[in-house]
**Student:** 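One structure is given below, represented as structure tokens, and several questions about it will come after.
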Protein chains: 2
Amino acid sequence: MEGKEISRAVVKRLPRYYRYLGDLLERGVERISSNDLSEKMRVTASQIRQDLNNFGGFGQQGYGYNVEFLYNEIGRILGLDKTYHMIIVGGGNLGQALTNYVKFEKRGFKIIGIFDVNPELVGKNVRGIEIRVADEIPRFLRENDIQIAALTLPKSQAEEMAVLLVENGVKAIWNFAHLDLRLPEDVIVENVHLSESLMQLSYNISRRQETGR
Amino acid sequence: MEGKEISRAVVKRLPRYYRYLGDLLERGVERISSNDLSEKMRVTASQIRQDLNNFGGFGQQGYGYNVEFLYNEIGRILGLDKTYHMIIVGGGNLGQALTNYVKFEKRGFKIIGIFDVNPELVGKNVRGIEIRVADEIPRFLRENDIQIAALTLPKSQAEEMAVLLVENGVKAIWNFAHLDLRLPEDVIVENVHLSESLMQLSYNISRRQETGR
DNA sequence: TAGATTGTTAATCGATTAACAATC
DNA sequence: TAGATTGTTAATCGATTAACAATC
């Protein structure tokens with residue numbers, strides 16, 4: 001059924017389209033042209049049409065795009081029509097922050113387990129979920145259908161844990177540790193490297209100072 | 001002194017070079033060729049040389065690159081040779097997680113204030129810093145030299161707060177709220193959109209299922 | 001029907017890779 | 001000096017933008 005490969009650049013832009021369409025939908029806007037959307041989002045209308053047409057013709061000549069329809073279609077493309085069971089591996093501040101972030105749950109990402117190696121954290125209750133000891137992970141994975149594991153452990157523990165997760169069947173890792181995980185090809189890894197983001201910021205600050213604005 | 005514009009793609013790669021060079025340095029490696037580094041990082045040697053040469057010739061023909069020297073140079077380019085004073089605006093879980101992340105401080109990003117509008121959080125101590133009421137921000141900014149504000153507020157409060165921060169002199173915002181801040185051109189904004197990252201992950205999961213691996 | 005706007009092809013632009021002369 | 005490897009130019013590739021025929 002599928003065929004052509006979608007470029008990473010396009011996929012990165014989809015959630016942003018989704019967000020803008022969601023806003024429009026909330027504000028009761030029924031239809032929008034690529035041109036109007038392009039002004040709001042500050043991208044070219046051409047890019048919007050190209051991006052969307054990777055997935056099919058969602059618009060209508062002379063009319064534009066139906067906001068609700070397009071919103072749902074992009075949601076479907078992004079896989080947001082499904083529910084995902086997620087575990088958080090690393091119950092520190094970041095892991096707890098992710099757990100507490102209610103919006104994920106609304107989008108279908110359900111956190112059903114939190115694990116840590118640190119005995120001090122084990123037993124702590126985070127939004128109704130008790131932090132368990134990491135040793136229980138294999139059994140937990142056997143007994144539950146988990147699609148995503150978020151890795152919020154320090155760098156030193158992350159690689160080993162990632163291997164354990166994969167050995168026990170995890171196929172998608174949301175990696176917050178500051179290293180590149182080397183895992184089998186069929187495992188999907190999405191990285192969030194906060195420190196790299198911060199460095200990009202400081203690069204821009206320094207550069208601005210050098211060039212005098 | 002400066003001149004040519006560095007592309008965003010190059011800047012995004014610099015922190016990763018920095019990380020790999022830091023690892024090599026730690027392991028006592030003295031020099032490395034673009035070819036060896038390319039194998040480790042899984043990018044082309046050509047790209048490494050091109051990227052680095054945007055900033056000057058850091059290598060030596062027949063020798064390669066001195067790891068320590070290159071590490072320091074990239075650090076300098078990224079602005080990591082300076083100290084930044086940062087405030088966290090939004091004292092919820094994510095704000096606290098950032099505050100507790102000691103590694104930032106080691107890299108020169110010093111958090112010297114946390115603020116929230118929620119009175120329940122005000123007064124709470126996070127790694128030695130007391131959360132203050134957001135009303136105090138203008139005065140705090142007058143009395144302290146702040147280079148970076150991290151915005152970890154809900155979407156609904158983020159825009160207004162960003163405007164306040166900018167009015168009070170903040171020139172760089174690390175934005176964790178799920179919206180695009182519309183601010184004057186001279187304000188640097190670096191976005192971390194966690195939900196968009198998660199959607200890219202779910203896109204890849206869905207896609208894999210459709211195409212049957 | 002006329003006007004609007006898409007879907008799509010073609011043109012342009014920028015980024016990546018390859019090649020190689022310069023040089024340590 | 002010979003070998004290695006950079007710095008840099010040229011070639012290729014991919015992504016973005018422009019243009020316009022198709023069509024609602």
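Residue numbers start from 1 in every chain, and the chains themselves are labelled A, B, ... in the order their sequence lines are given, proteins ahead of strands.
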**Student:** Between P on D:dT16 and CD1 on A:I6, what's the gap in Å once rounded to a whole number?
**Tutor:**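 In whole Å, D:dT16 P lies 13 Å from A:I6 CD1.
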**Student:** Considering heavy-atom distances to DNA chain D, does A:R8 or A:Q60 have its closest nucleotide positioned more toward the 5' end?
**Tutor:** A:R8
**Student:** What does the 5'-to-3' dot-bracket notation of DNA chain D look like when only Watson-Crick and G-U wobble pairs under 3.5 Å count, and pairs to other strands show as |?
**Tutor:** ..||||||||||||||||||||||
**Student:** Rounding to an integer number of Å, can you tell me how far B:L52 CG sits from D:dT8 P?
**Tutor:**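 My rounded result for the distance is 12 Å.
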**Student:** From the options A:R42, A:R16, A:K40, select the one residue that forms a salt bridge (Lys or Arg N to Asp or Glu O under 4.0 Å) with B:D180.
**Tutor:** A:R16
**Student:** Which residues in residues 28-43 of chain A have at least one heavy atom lying under 4.0 Å from any atom of DNA chain D?
**Tutor:** none
**Student:** Can you tabulate the close N/O pairs, meaning under 3.5 Å, that link protein atoms to atoms of nucleotides 20-22 of chain C?
**Tutor:**
none

**Student:** What orientation do B:Y84 and B:F109 show, parallel under 30°, tilted 30 to 60°, or perpendicular over 60°?
**Tutor:** parallel
**Student:** Could you check A:S7 against A:S46 and say which one's nearest nucleotide on DNA chain D is further toward the 5' end?
**Tutor:** A:S7
**Student:** Any side-chain heavy atom of A:H193 within less than 4.5 Å of one from B:R19?
**Tutor:** yes
**Student:** Let's see if you get this right: which residues in residues 63-74 of chain B place a heavy atom under 4.0 Å from DNA chain D?
**Tutor:** B:Y63, B:G64, B:Y65
**Student:** Between atom CG in A:N54 and atom P in D:dG14, what is the gap in whole Å?
**Tutor:** 15 Å
**Student:** Extract all donor-acceptor atom pairs below 3.5 Å that involve side chains of residues 87-98 of chain B and protein atoms in other chains or at least two apart in sequence.
**Tutor:**
residue, atom, partner, partner atom, Å
B:N93, OD1, A:N100, ND2, 3.4
B:Q96, OE1, B:K124, NZ, 3.2
B:Q96, NE2, B:G91, O, 2.9

**Student:** Could you verify whether a donor N or O on one side chain and an acceptor N or O on the other, from B:K82 and A:S206, lie under 3.5 Å apart?
**Tutor:** yes
**Student:** Applying ring pair (Phe, Tyr, Trp, His ring centres under 6.0 Å) as the test, list every pair that has at least one member in residues 38-81 of chain A; sequence neighbours left out.
**Tutor:**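 Residue pairs passing ring pair (Phe, Tyr, Trp, His ring centres under 6.0 Å), neighbours aside: A:Y18-A:Y71.
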